[in-house]
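Chain naming here is simple, since letters A, B, ... match the order of the sequence lines and numbering starts at 1 in each. Just so it is clear, the structure is predicted and the values come from calculations on it, not from any experiment.
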Amino acid sequence: MSNSQYDASKVESKWYNYWMKNNYFHSSPDEREPYTIVIPPPNVTGVLHMGHMLNNTIQDVLIRRARLQGKNACWVPGTDHASIATEAKVVARLKEQGINKSDLTREAFLKHAFEWKDQYGGIILEQLKKLGASCDWARTKFTMDDDMSASVIKVFVDLYNKGLIYRGYRMVNWDPEAKTTLSDEEVIYEERQGSLYYLQYDIVGATEKVTIATTRPETILGDTAVCINPNDDRYTHLKGKQVIVPLCNRKIPIIEDEYVDVEFGTGCLKVTPAHDENDKVLGDKHKLEVIDIFNEDATLNSFGLHYEGKDRFVVRKEISKELEEKGFLLKVEQHTNKVGTSERTKAVIEPRLSDQWFLKMEELVKPALEAVFGEDRAVKLFPRKFENTYRHWMTNIRDWNISRQLWWGQQIPAYYYGDGKEDFVVAETKEAALKLAQEQTKNSELLLEELHQDPDALDTWFSSWLWPMSVFDGIRNPENEEIQYYYPTNDLVTGPDILFFWVARMIIAGYEYKDQRPFENVYLTGLVRDKQRRKMSKSLGNSPDALKLIEDYSADGVRVGLLLSSAAGNDLLFDEALCQQGKGLGNKIWSAYNLTQLWTVSKDIEQPIASTIAIDWYRSKFNAVVTEIEDHYSKYRLSDAIMAMYKLIYDDFCGWLLEIVKPAYQQPIDAKTFNDVIGIFEDNLKILHPFMPFITEEIWQSLKERTTEEALIISKYPVIDTCDEDLINDFEFATKIVSGVRTIRKEKNIAFKEAIALFVMNNESYTKRFDVVIKKLVNANEINYVNEKVDGASFRVKSNEYFVPISLDNINVEEEIEKLTKELKRAEGFLVGIQKKLSNERFVSNAPETVIALERKKESDTVAKIETLKASLATL
RNA sequence: UGAGGUAUAGCUCAGUGGAAGAGCGUCACGCUUACAUCGUGAAAGUCAUAGGUUCGAAUCCUAUUACCUCAACCA
């Protein structure tokens, strides 16, 4: 007897510990087929948010299913050092303690950073355990582990030696807050309300002025030309002249270029090569001077005149005022434009010229494009709509700026031996670098101390793009057993927001270093939004606390809730009510478990025929549903899979099967039925296990008379058998009969306890094999087959007519007539439609025969139904 | 600006040419001896709009509208 309340928090930690203790999550290479997932490594200092919950639940579902299917399932967990985000956090924290980063040596700063990492790193992994994630924790990796960093350095040196990495003076995205560059992908464009300033420049040797529109008046101090379109008739007189930059009174040339849009602003463009990508291109073309007016924190430098030291936005306000006072400002218009901001610090990006390291992408992307668009589709994206985005990015890719002016990350292995920009060598170690430098300079006297390593660190993604290989040490030891066994991995589950940052680059690296795809399938989940469709974010405060949710609804409930709402390919509108639904499913199956354990089993009674047929039916139904579920899995439609399971458990198992086999109150159940039901219960638990790992293990372990496997988590997935479709269809017909009787009971107020008699006019020649089942479910003491109508309430299933004799007092003739008339009208209308179709010559001659046959069947069914309805009405 | 996506019940979504579906929610009735975290029943849709193709359109085509995503961007 077990009817105790289900206490999720106790049960969940109990089984998680049990699984851990028995090493069920651990994988090592063996003769089985591997199934591998590498986790998208979360930020080491991050906390679990809904996006993590979703994609880790999905990964766990896939891993647990693979494990049950007998594969060697390996899910590699780990964290990412997230250079900018983490360094920013550490800097902020040091500031709180009164320490400035600039006062620290690199070594001292890194010491602080690692302390921080040791303190907060891994919290997120602990939280994943609460969710039930069955990662192989012994394999936990961090992108800055020594071996991982060594792989990164090795790859850098290799790419450099292949001529793919170069150092260049380029315009890059500068984050003045983090004081580092960003890759193009780390810049988020935001629409901002701004102003368009119309400034008047004096023309040398003329009294008139020329008007220029700009959104950034502070940058005039860096102007080195004014550009007009040579085809612009308005400005022909300006050709070859010079203008004077207001305030700094610098004389700059007027140049001509068709790049200028005649329509926009005044058709006259100021050129600031140091602070705008396009201006830089113009500047290079026309050999203009480059004047950088900013410091690295975006305050003005000495070119800023009396604004030196002030922030760019302060200067924008002040300079526009000064320009106005001095008569240079003609007018100001409202103007919305998109402003680049830093993904990490939110600071407005400043285009800036500087020396950076770049990776040439042109050749590297080729196999990665082929992987997705080649005939064999080596890498498949789910949903496919992302292929377009992928193609666009890959074909428009620019060289990847991989250096960051940060300390937290792998330091670039370039060593300078002189003052010149080109006086450097690249090597994995300082010693190797020395040797190279000595060769290069032909100076064997060069000393180790004279080498200075480049201070920059590598972009975080330059380490995570190796993740599927480096976690198996496949970069340093490409022939080792693990990489041979686990690579390529099978599925990757992640958000579409890092399709380029990470997914695309892993594919690139995979082909470059293993000449193989890193994974076969990429399942891109939707973004998690709240009910108002807002993206969940910390700043909005609309993201629920993950652990609190687990506390309230159990991990199983939250997992189901998340999956229910995550229709494939769509964003997911998260609603706690769905977790409640998940919890409800847990409760339902728990109570079903209680029921089976309440029964006393008797070996002395025969199995009732109703039980025999119900069990046959359920087995067929189960196979049909599992087949459907497998199809959903193959398309990564997990929300459809869980829904199919939900209905199977709720309706078919609990609602029908258990109700049919349930013995009368305090009566024992026959042993055959009991064992069959337990066997069925076990199969249900197995298919449900990937979704609700805890409650299924708990129930399975406690089931009486179950199979003797060691634990559900490592048991064998049910083998899908064929199903008997007739049996399923006939049962469905029977459920309609049951519903019909229930409706009558309800309408006529007949208590369930009161047994009824049921009469049938079997026009459909419907099987009688479910009569015992129907009798039990509707509490009928007899089912009689008749040829004539019986007085009482009636209903129809197809053209079969069913009667429940009740005293005439209970029948409201008017209501009955109304009901039947309505039903008749509908049937007649329907018939008209079909007959019209069938009498249409073109339909009959064009439509395929099966369709016509179907229509004829519909016609005869409807005619039969109309006849029975008419007959019923006549007797009233 | 370009590319892609979406529009079906109150909500979230299935449904790719042949009788409009599911879950949740809502309403009504029921504590029937696993579960009231439940059961039974019911109501609820001009399939965004306008055209077209077809014997037949939620489904295919065209245009329009609205929203979403990605990419680019003009000072």
Side-chain angles (χ1 to χ4, degrees), chain A residues 3 6 184 189 196-197 212-216 219 227 259-261 263-272 276-279 335 337-338 340 383 385-393 396 496-497 499-500 526-527 529 531 533 557 564-573 575 577-578 580-581 583-599 637 639-640 642-644 646-647 650 654-655 658-659 662-667 738-739 742-743 745-747 749 751-753 779 830 833-834 836-837 840-848 850-852 854-855 858 861-862:
Chain A
N3 57 357
Y6 180 69
D184 295 335
Y189 286 90
L196 192 57
Y197 301 83
I212 284 147
T214 180
T215 52
R216 303 197 56 190
T219 61
C227 191
Y259 161 77
V260 176
D261 181 353
E263 303 291 319
F264 190 88
T266 62
C268 208
L269 168 72
K270 73 186 205 59
V271 185
T272 324
D276 185 280
E277 177 93 48
N278 297 307
D279 289 12
H335 179 72
N337 62 336
K338 294 223 174 152
K385 66 178 178 186
F386 286 109
E387 290 179 359
N388 274 314
T389 332
Y390 180 87
R391 189 206 304 269
H392 188 269
W393 189 76
N396 290 285
D497 47 335
L499 182 58
F500 309 133
L527 291 173
R529 296 171 182 277
K531 277 174 89 176
R533 288 196 180 269
L564 277 175
S565 53
S566 71
N570 290 345
D571 281 357
L572 157 167
L573 301 184
D575 183 352
L578 290 165
Q580 183 56 46
Q581 203 183 332
K583 192 180 175 183
L585 178 59
N587 182 68
K588 188 72 184 174
I589 196 161
W590 181 254
S591 108
Y593 156 73
N594 271 336
L595 174 66
T596 61
Q597 306 303 293
L598 279 168
W599 291 333
R637 300 178 63 139
S639 103
D640 292 316
I642 185 69
M643 187 48 76
Y646 184 91
K647 286 193 272 191
Y650 245 90
C654 296
L658 291 183
E659 289 300 332
K662 191 158 84 175
Y665 184 50
Q666 290 193 334
Q667 296 296 305
V738 172
S739 275
R742 282 172 177 165
T743 309
R745 279 186 177 278
K746 177 142 288 217
E747 282 171 355
N749 260 324
F752 184 80
K753 281 178 183 166
N779 190 16
F830 186 61
I834 295 170
K836 222 163 113 186
K837 201 186 262 190
N840 183 333
E841 181 52 41
R842 286 186 295 182
F843 171 71
V844 182
S845 53
N846 288 323
T850 49
V851 173
I852 295 172
L854 202 73
E855 292 297 319
K858 276 192 250 171
D861 282 356
T862 314

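- Not a single ring-ring contact (aromatic ring centres under 6.0 Å, His included) links A/Tyr390 to another residue, sequence neighbours left out.
- Between A/Cys227 and A/Tyr259 the shortest side-chain heavy-atom distance does not fall below 4.5 Å.
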Seminar exercise, completed: For nucleotides 37-44 of chain B, 5' to 3', base contacts (B), sugar-phosphate-only contacts (S) and non-contacts (-) with protein non-hydrogen atoms under 4.0 Å give BSBBS---
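- A/Asp575 has its CG atom 14 Å from the P atom of B/C24, to the nearest Å.
- Distance CZ (A/Phe752) to P (B/U32): 12 Å, rounded to an integer number of Å.
- Rounded to whole Å, the C1' atom of B/A3 lies 15 Å from the corresponding atom of B/C73.
- Only the P atoms considered, B/U49 is 11 Å distant from B/A58, to the nearest whole Å.
- The line from CZ of A/Phe386 to CG of A/Asn388 is 11.0 Å long, rounded to the nearest 0.5 Å.
- Of the nucleotides present, none pairs with B/A9 by Watson-Crick or G-U wobble criteria with both distances under 3.5 Å.
- Using cut-offs of 30° and 60° on the angle between ring planes, the pair A/Tyr650 and A/Tyr646 is parallel.
- Considering only heavy atoms from C-beta on, A/Trp393 stays 4.5 Å or farther from A/Leu499 through its side chain.
- Rounded to the nearest Å, the gap between the C1' atom of B/A66 and that of B/C29 is 42 Å.
- Pair assignment for B/G17: none, as no Watson-Crick or G-U wobble contacts are both less than 3.5 Å.
- When all heavy atoms are compared, the tightest approach of A/Lys270 to A/Thr214 is CE-OG1, 3.4 Å.
- In this entry B/U26 has B/A42 as its Watson-Crick or G-U wobble partner, both defining distances falling under 3.5 Å.
- Nucleotide B/G4 forms a Watson-Crick or G-U wobble pair with B/C68, both donor-acceptor distances falling under 3.5 Å.
- Here B/G18 presents its C1' atom at 13 Å from CG of A/Asn840, a figure rounded to the nearest Å.
- The listed nucleotides are B/C35, B/G18, B/U69; the one nearest the side chain of A/Arg529 is B/U69.
- When the options A/Leu585, A/Leu572, A/Leu578, A/Asp575 are evaluated for a side chain to side chain contact (heavy atoms under 4.5 Å, CB included) with A/Leu564, the one that passes is A/Leu578.
- A/Glu387 comes within contact range of no nucleotide atom at all, as no heavy-atom separation falls under 4.0 Å.
- A donor-acceptor distance shorter than 3.5 angstrom exists from the side chain of A/Asn846 to the backbone of A/Arg842, with no hydrogens or angles considered.
- Put simply, CZ on A/Phe843 is 12 Å from C1' on B/U54, counting in whole angstrom units.
- For the residue pair A/Ala847 and A/Ile852, the shortest heavy atom distance occurs at O-CD1, 3.5 Å.
- Atoms CH2 (A/Trp590) and P (B/A34) sit 17 Å apart, rounded to a whole Å.
- When the P atom of B/G18 is taken as reference, atom NZ of A/Lys837 falls 10 Å away, rounded to whole Å.
- Proximity of A/Arg745 to A/Asn779: side-chain heavy atoms (C-beta onward) are separated by under 4.5 Å at one or more points.
- Comparing atom distances between the A/Lys662 side chain and each of B/A34, B/C55, B/G23 picks out B/A34 as nearest.
- With both ends at atom P, the span from B/C70 to B/G56 equals 42 Å, rounded to whole Å.
- Atom CZ of A/Phe843 sits about 11.5 Å away from atom CD of A/Glu841, to the nearest 0.5 Å.
- As the counterpart of B/G51, B/C61 is assigned, both hydrogen-bonding distances of the Watson-Crick or G-U wobble pattern falling under 3.5 Å.
- Residue A/Asn846 places at least one side-chain N or O under 4.0 Å from the OP1 or OP2 atom of B/C55.
- Figure legend. B/C35 is base-paired to no nucleotide; pairs are counted as Watson-Crick or G-U wobble with both atom distances under 3.5 Å.
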Atom pairs under 3.5 Å, N or O on each side, protein against nucleotides 70-75 of chain B: can you list them with distances?
unit_1, atom_1, unit_2, atom_2, d
B/A72, N6, A/Lys338, NZ, 3.0
B/C74, OP1, A/Asn278, ND2, 2.6
B/C74, O2, A/Asp261, OD2, 3.0
B/C74, N3, A/Asp261, OD2, 3.4
B/A75, N6, A/Asp261, O, 2.6
B/A75, N6, A/Phe264, O, 2.8
B/A75, N1, A/Asp261, N, 3.3

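- B/A9 sits 14 Å from B/G15 when the C1' atoms are compared, rounded to a whole Å.
- Taking atom CG of residue A/Asp640 and atom P of nucleotide B/U12, one finds them 17 Å apart after rounding to whole Å.
- Nearest-nucleotide mapping onto RNA chain B: of A/Ala664 and A/Lys647, the residue sitting toward the 5' end is A/Lys647.
- Atom name C1', nucleotides B/U46 and B/A57: the rounded distance is 14 Å, in whole Å.
- Nucleotides B/C68 and B/G39 are separated by 41 Å at their C1' atoms, to the nearest Å.
- Taking atom P on both nucleotides, B/A63 is separated from B/G23 by 38 Å, rounded to a whole Å.
- With rounding to whole Å, A/Leu598 atom CG is found 13 Å from B/U33 atom P.
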